[in-house]
Amino acid sequence: MDKDNIIMSVENLIIRFKLREDILTAIRGLSLDIYRGESLAIVGESGSGKSVLTKSFLGLLDNNGWIESGNILYGEHNLVEFKDERQWHKIRGKEIAMVFQEPMTALNPLKTIGKQIRESIELHQGITGDDAKNETIRVLEDVGISNAKYRYNQYPHEFSGGMRQRVVIAIAVACRPKILICDEPTTALDVTVQAQILQLLRELKYKYNLTTIYITHDLGVVANVADRIAVMYAGDIIEIGKSEEIFYNPKHPYTWALLSSLPQLGKRGEPLYSIEGTPPNLFHEIKGDAFAPRNPKALKIDFVERPPYFQVSPTHKAKTWLLDPRAPKLQPPKSIRYIGRLDRGDIDGE
Ligand SMILES: Nc1ncnc2c1ncn2[C@@H]1O[C@H](COP(=O)(O)OP(=O)(O)OP(=O)(O)O)[C@@H](O)[C@H]1O
Ligand SMILES: [Mg+2]
């Protein structure tokens, strides 16, 4: 993880929203370095701030939201200082592109998909006519749509959910962005399709020299495809590391809980582990470790002081007091201790 290889640096970001007379803090002092060419997964339950965080990279926060403080450094820009749409136009789509959660709303139902991709190519690559059409077909093939010449003339409703997602990705990569953010459809796609889309992103990463960010609730989906995983809870990244570090050596009790609830670990005939309680109310100031009220083994200090990052390896860190040298040595729950071995097939998950 080379400092020179950072493509974007988020520093101490705080994002708030105003709802009637109340103020909610959606992102609570979050920092994140993103490396050129990596595929990063951001994982966390609904409301943890995944979309708000990534929308702020594109100046797309809802009107009642604002960046209270912090920096988003990209090239020579600090995106937090952008004031008007003209500045964002240079970044949005061209440098950083986002594929949204609902592919159907991202596509125009009245235009053929060929036309929609082609418009994006004409606008961003400055080519027209047959060249633009051929390039469109090439991009369609790149995103894994077979029979692209024929598909070119079809309308969005003639595509399945997964195929539509590919079309939306095609429109995004046609602008040749450096960073591609993909906000997973929450309901529309099944797990197999999700995995295929992730695999596609991985291929495109090489073909188009992309840095990719994949947003999901489902840790299971990203296991084999993400280089790094950032685990979000209540507006902050509470643990981040290489994919194998998060799976085989997780440190934060919330990451433990997420791993424990993976269906792959469930024993047949037993109910799946689920995380008790609800996420904290973001309208109030959160004291200590935000996960403490849901953590049956929380320490006293967890309710008092917010933990800093403790470094686990040069590439792995977590915000939990359990990593303080003075903390009691607590083992992760039994169910997840064997993930590494299960994966390698050493034991058969009795
Ligand atoms: N326009 C808004 N006004 C008020 N609160 C908002 C607004 N947009 C987002 N929030 C709040 O910010 C928090 C983070 O929301 P966000 O949409 O980023 O969550 P998420 O992790 O993307 O969830 P999901 O997995 O459901 O998409 C939530 O508490 C949400 O209610
Ligand atoms: Mg979201």
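Ligands are counted one by one from 1 in listed order, and the atoms in each one are counted from 1 as well.
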Min heavy-atom dist Gly44 to ligand 1 below 4.0 Å: no
Close N or O approach (Phe17, ligand 1; < 3.5 Å): no
Which of the ligand 1 atoms, numbered from 1, are nearer than 4.0 Å to a heavy atom of Leu282: 29 (O)
Spacing of CD belonging to Glu158 relative to CZ belonging to Arg151, to within rounding of 0.5 Å: 8.0 Å
Non-hydrogen atoms of Gln116 and Pro156 that approach each other most closely: NE2-CG, 3.8 Å
Working for side-chain hydrogen bond (donor to acceptor under 3.5 Å, both in side chains), residues Asp227 and Tyr35: CA-CA 10 Å; Asp227 299 321; Tyr35 295 91; over 6 Å; no
Smallest separation among heavy atoms of Val225 and Ser39, with atom names: O-OG, 3.2 Å
Atom indices of ligand 1, in the order listed, that fall short of 4.0 Å to a heavy atom of Asn64: 1 (N), 2 (C), 3 (N), 4 (C)
Nearest-0.5 Å distance, NE2 of residue His124 to CD of residue Glu119: 10.5 Å
Per-atom contacts, ligand 1 versus Ala26 - under 4.0 Å to a heavy atom: 12 (O), 13 (C)
Under 4.0 Å to a heavy atom of Asp62 - the qualifying atoms of ligand 1, by number: 1 (N), 2 (C), 8 (N)
Selected option - heavy-atom contact closest to atom 11 (C) of ligand 1, from Thr25, Ile23, Leu24: Leu24
Short N/O/S contact of Ser51 with the Mg ion (ligand 2) (below 2.8 Å): yes
Residue His217 vicinity, atoms of ligand 1 by number, heavy atom under 4.0 Å: 25 (O)
Winner among Lys50, Lys55, Arg16 once heavy atoms are compared against atom 25 (O) of ligand 1: Lys50
Min heavy-atom dist Gly47 to ligand 1 below 4.0 Å: yes
Listed once per pair and sorted, the ring pair (Phe, Tyr, Trp, His ring centres under 6.0 Å) pairs that draw on residues 224-246, sequence neighbours left out: Tyr233-Tyr254, Tyr233-Phe291
Under-4.0 Å heavy-atom contact with ligand 1, by part of Leu19 that carries it: side chain
Chi angles and distances behind the salt bridge (Lys or Arg N to Asp or Glu O under 4.0 Å) call for Glu276, Arg294: CA-CA 6 Å; Glu276 299 276 316; Arg294 298 170 79 182; over 6 Å; no
